[in-house]
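For this chain, numbers begin at 1 and follow the sequence in order. FYI, side chains are in, hydrogens and waters are out, and symmetry mates aren't considered; it's all heavy atoms of this structure.
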Amino acid sequence: MSLQVDIMTAMKVAMKDKDQTALAALRAVKSEILLAQTATGSKEEISEDEEIKILSKMVKQRKDSAAIFLEQNRNDLAEPEIAQAEVISRFLPAQLSDEEITVVVMKTIAATGAEGMKDMGKVMGMVSQELAGKADGKTISSIVKAKLS
């Protein structure tokens with residue numbers, strides 16, 4: 001529930017500051033969380049892990065959209081997407097550095113006995129589960145590929 005309270009507080013601040021970009025991003029977050037809660041058919045709150053997954057997904061969507069807009073030289077459309085991604089990112093846990101991710105990947109490779117690219121799926125599954133919300137999937141994938149090659 002603390003995330004929802006934080007979102008509502010941030011929405012009030014954005015309204016007072018007349019920050020339309022932040023307000024749009026926060027309303028989208030609130031909407032996604034409410035959709036996730038009602039999807040189960042119960043009035044229970046969703047877990048913190050699910051909230052982090054929702055926020056991560058929303059940030060990724062906005063970054064992907066911005067990348068597409070930038071490829072098409074549409075900076076006018078890319079800038080709001082990037083700004084919204086930054087607003088949503090404030091509610092995510094701190095992202096790990098590449099070095100920290102590498103340590104977890106190496107530990108997982110040693111624990112599973114992975115020897116090559118054939119074991120990438122096993123390693124990715126375990127690392128992704130351990131670092132959920134703390135690291136981007138693309139970053140994890142590139143590090144795992146580099147270490148298993």
Side-chain angles (χ1 to χ4, degrees), residues 1-7 10-11 14 19-42 44-149:
M1 186 65 174
S2 64
L3 178 66
Q4 289 182 351
V5 172
D6 292 345
I7 296 292
M11 280 179 65
D19 185 351
Q20 295 301 317
T21 303
L23 190 58
L26 295 169
R27 283 181 173 155
V29 170
K30 181 180 174 191
S31 173
E32 287 292 324
I33 290 173
L34 287 174
L35 284 172
Q37 285 178 336
T38 57
T40 60
S42 65
E44 297 176 10
E45 298 172 10
I46 59 174
S47 70
E48 187 176 336
D49 289 341
E50 291 176 27
E51 290 173 343
I52 290 172
K53 284 180 186 176
I54 290 169
L55 293 176
S56 297
K57 177 182 169 190
M58 293 179 75
V59 168
K60 183 179 181 322
Q61 287 173 335
R62 279 156 181 74
K63 286 182 178 179
D64 289 347
S65 296
I68 292 169
F69 291 142
L70 288 172
E71 285 176 14
Q72 299 171 351
N73 293 322
R74 293 297 310 264
N75 292 341
D76 58 319
L77 296 176
E79 289 172 8
E81 293 290 329
I82 293 169
Q84 286 187 16
E86 289 173 5
V87 170
I88 296 169
S89 295
R90 286 187 281 173
F91 297 96
L92 284 171
Q95 298 293 299
L96 297 177
S97 68
D98 287 353
E99 293 80 24
E100 293 170 315
I101 296 169
T102 303
V103 169
V104 174
V105 168
M106 294 305 292
K107 183 179 74 171
T108 305
I109 289 173
T112 60
E115 296 178 352
M117 291 304 288
K118 62 181 167 68
D119 296 322
M120 183 170 175
K122 182 173 26 173
V123 174
M124 276 296 298
M126 293 177 72
V127 173
S128 295
Q129 187 175 13
E130 185 175 340
L131 300 180
K134 297 177 186 171
D136 180 48
K138 287 181 184 178
T139 307
I140 295 171
S141 176
S142 64
I143 292 172
V144 170
K145 280 182 187 175
K147 296 300 177 188
L148 289 177
S149 303

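For the atom pair CG (L70) and CD (E81), the distance works out to 10.5 Å, reported to the nearest 0.5 Å. If you take OG on S31 and CD1 on I7, they are separated by 12.0 Å, rounding to the nearest 0.5 Å.
For P80 against T21, the heavy-atom pair with the smallest separation is O-CG2, 4.1 Å. Residues A66 and A78 share a closest heavy-atom pair of O-CB, 3.8 Å. Of all the heavy atoms in G137 and M124, the pair that sits closest is O-CE, 4.2 Å. Across all non-hydrogen atoms, the minimal contact from I101 to A135 is CD1-CB, 3.6 Å. Nearest approach of G113 to D119, heavy atoms of both residues: O-OD2, 4.4 Å. I46 and I33 get closest at one heavy-atom pair: CD1-CG2, 4.0 Å.
For the pair Q95 and S89, the minimum side-chain heavy-atom distance is 4.5 Å or more. By the 4.5 Å heavy-atom criterion applied to side chains, Q4 and K30 are not counted as neighbours. Between V29 and F91 the shortest side-chain heavy-atom distance does not fall below 4.5 Å. Side-chain contact between R74 and E79 is absent, with no heavy-atom pair separated by less than 4.5 Å. Side-chain atoms of M126 and V123, non-hydrogen and from C-beta on, never get closer than 4.5 Å to each other.
The closest donor-acceptor contact from the side chain of T38 to the backbone of L35 lies under 3.5 Å. With hydrogens and angles ignored, the 3.5 Å screen pairs a side-chain donor or acceptor of S149 with a backbone N or O of K145.
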Donor-acceptor contacts, no H, no angles, side chain residues 56-64, under 3.5 Å, sequence neighbours left out:
{"residue": "S56", "atom": "OG", "partner": "I52", "partner atom": "O", "Å": "2.9"}
{"residue": "K60", "atom": "NZ", "partner": "D64", "partner atom": "OD2", "Å": "2.9"}
{"residue": "R62", "atom": "NE", "partner": "Q84", "partner atom": "OE1", "Å": "2.9"}
{"residue": "R62", "atom": "NH1", "partner": "M58", "partner atom": "O", "Å": "3.4"}

Inset, instruction - Could you walk me through whether E130 and K107 pass salt bridge (charged side-chain N to carboxylate O under 4.0 Å, His left out), step by step? - result: CA-CA 11 Å; E130 185 175 340; K107 183 179 74 171; 3.3 Å; yes
Inset, instruction - Just do the side chain to side chain contact (heavy atoms under 4.5 Å, CB included) check on L3 and L55 with the steps written out, would you? - result: CA-CA 11 Å; L3 178 66; L55 293 176; 3.9 Å; yes
